[in-house]
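A short write-up of the structure that comes next.
Numbers here are sequence positions counted from 1. Because only heavy atoms are used, hydrogens play no part in the values below, and waters and symmetry mates are left out as well, while side chains stay in. The structure presented is a predicted model; accordingly, all values stated were derived computationally and were not measured. Whatever order the structure lists ligands and atoms in, that order sets their numbers, starting from 1.
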Amino acid sequence: MRLIMQTFITAALAIAALAHPAAVAAQLRVVTTTTDLAALTREVGGDRVQVDALARGYQDPHFVEAKPSFILLVNRADLLVVVGREMEIGWLPPLVTNSRNAKIQPGAAGYLDASLNVRILEIPTGQITRAMGDVHPSGNPHYWLDPDNGRRIAQAIRDKLSELSPNDRAYFAQRHTDFDRRLTEAQQRWDAALAPHKGTKIVTYHRSWPNFADRFGLTVIGYVEPKPGIPASTSHLIELIAEMKRQQVTIIMVEPYFDKKTPDSIARETGAIVLEMPPSVGGVPEATDYIKLFDYDVNLLVAAVKKATGK
Ligand SMILES: [Zn+2]
């Protein structure tokens, strides 16, 4: 299998070299691991960049099946933007190594870890290892779900694109300013929509939403997964259901890539509403860019809270 893959890579890279002459060199070729990073890169990069995301927005970003086409994309990239905090550790490192692209190796100029200048929550203090099953050993990697972190990611992308393509510095700066203004306006809209529902208690499937909850004043009282990446045991579910009844929790937020069976059974026991909330751009057709992702999620959540509370 290894040999077949190696042969495939060699052939594929030879074809890639033929198919992509230097004529398209004017655009920076950016590959991002997720659709959210791709959306932010498009906001800042405009038509001076060509952006491809590896994971689809409806996939679990911890567990992405690496397709052969990913190798070609990474091989040709001028810049690779990653979520970091070990989000992609299960699937990205072999791609980067096999890409034979020195520009985008960790530490090189064409490698951007988007987590370096953002607010990271849930940084573990005790000894937690991946061997114990926890897929968040370096703090919570779902940090893009706070729009203030989106703002910081966009800044980091602007700076990196300007470094790689200095002639376009003013263009990137202008696009970034415009995005920042639209994001600020949108944040006022989201804050106003959620302000009446501050303190709403929710349960989420995975720990995807701490930044979102913190930003909008929601209280996460429990998780369907006892630990990130670990399936629920019966005893965990019994405790969770009891706690939800005690605290009168009415919302269970579930990422689109998880099975609804367990959340649905919790909902039957508690009367809570199961809400399929996309955490990424492209998770639903409506979430076509970073701002529209929050528009969708905020509207969905507000409608569900109103329905659950009758207010
Ligand atoms: Zn996670």
Side-chain angles (χ1 to χ4, degrees), residues 32-40 53-66 81-93 95 113-116 118-150 152-153 202-216 218-233 236-237 240 251-260 262-263 266 274-284 287 290 293-294 297 301:
T32 67
T33 53
T34 66
T35 51
D36 311 288
L37 295 175
L40 291 168
L54 297 177
R56 302 272 74 89
Y58 48 78
Q59 287 181 310
D60 183 342
H62 290 290
F63 305 103
V64 177
E65 200 186 334
V81 188
V82 306
V83 173
R85 302 283 159 170
E86 306 197 17
M87 173 66 98
E88 304 98 338
I89 200 166
W91 57 277
L92 187 65
L95 275 177
D113 180 338
S115 78
L116 296 182
V118 302
R119 185 161 165 259
I120 299 292
L121 302 176
E122 300 179 352
I123 293 173
T125 47
Q127 217 189 11
I128 296 171
T129 65
R130 287 183 64 85
M132 291 160 68
D134 193 326
V135 295
H136 296 167
S138 310
N140 193 295
H142 302 270
Y143 56 82
W144 69 88
L145 287 163
D146 174 349
D148 277 334
N149 277 344
R152 294 184 185 118
I153 298 167
I202 60 170
V203 160
T204 73
Y205 193 109
H206 179 76
R207 288 182 182 251
S208 301
W209 305 93
N211 292 86
F212 185 91
D214 185 70
R215 180 66 178 73
F216 295 113
L218 311 167
T219 306
V220 186
I221 70 109
Y223 307 92
V224 177
E225 291 179 333
K227 272 179 153 207
I230 301 288
S233 63
H236 171 73
L237 292 178
L240 181 65
I251 304 285
I252 309 170
M253 279 164 44
V254 182
E255 299 79 354
Y257 35 82
F258 290 119
D259 192 346
K260 303 292 169 303
T262 305
I266 298 170
V274 174
L275 212 54
E276 191 169 311
M277 287 269 283
S280 282
V281 170
V284 288
Y290 186 78
L293 170 67
F294 284 85
D297 282 343
L301 181 61

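Scanning for side-chain hydrogen bond (donor to acceptor under 3.5 Å, both in side chains) contacts around Arg207 gives Glu122, Tyr223, with sequence neighbours left out. With sequence neighbours excluded, the residues that form a salt bridge (charged side-chain N to carboxylate O under 4.0 Å, His left out) with Arg119 are Asp214. Asp259 is linked by a side-chain hydrogen bond (donor to acceptor under 3.5 Å, both in side chains) to nothing, counting only residues two or more places apart in sequence or in another chain.
Note on ring orientation: taking the six-membered ring where Trp is involved, the planes of Phe258 and Tyr205 are parallel (angle under 30°, cut-offs 30° and 60°). Ring pair Trp209/Phe212 is perpendicular by interplanar angle, where above 60° counts as perpendicular and below 30° as parallel.
We find the OH-CG distance between Tyr290 and Leu37 to be 10.0 Å, quoted to the nearest 0.5 Å.
The set of protein atoms (N, O or S) found at less than 2.8 Å from the Zn ion (ligand 1) reads His62 NE2, His136 NE2, His142 NE2, His206 NE2, by chain and number.
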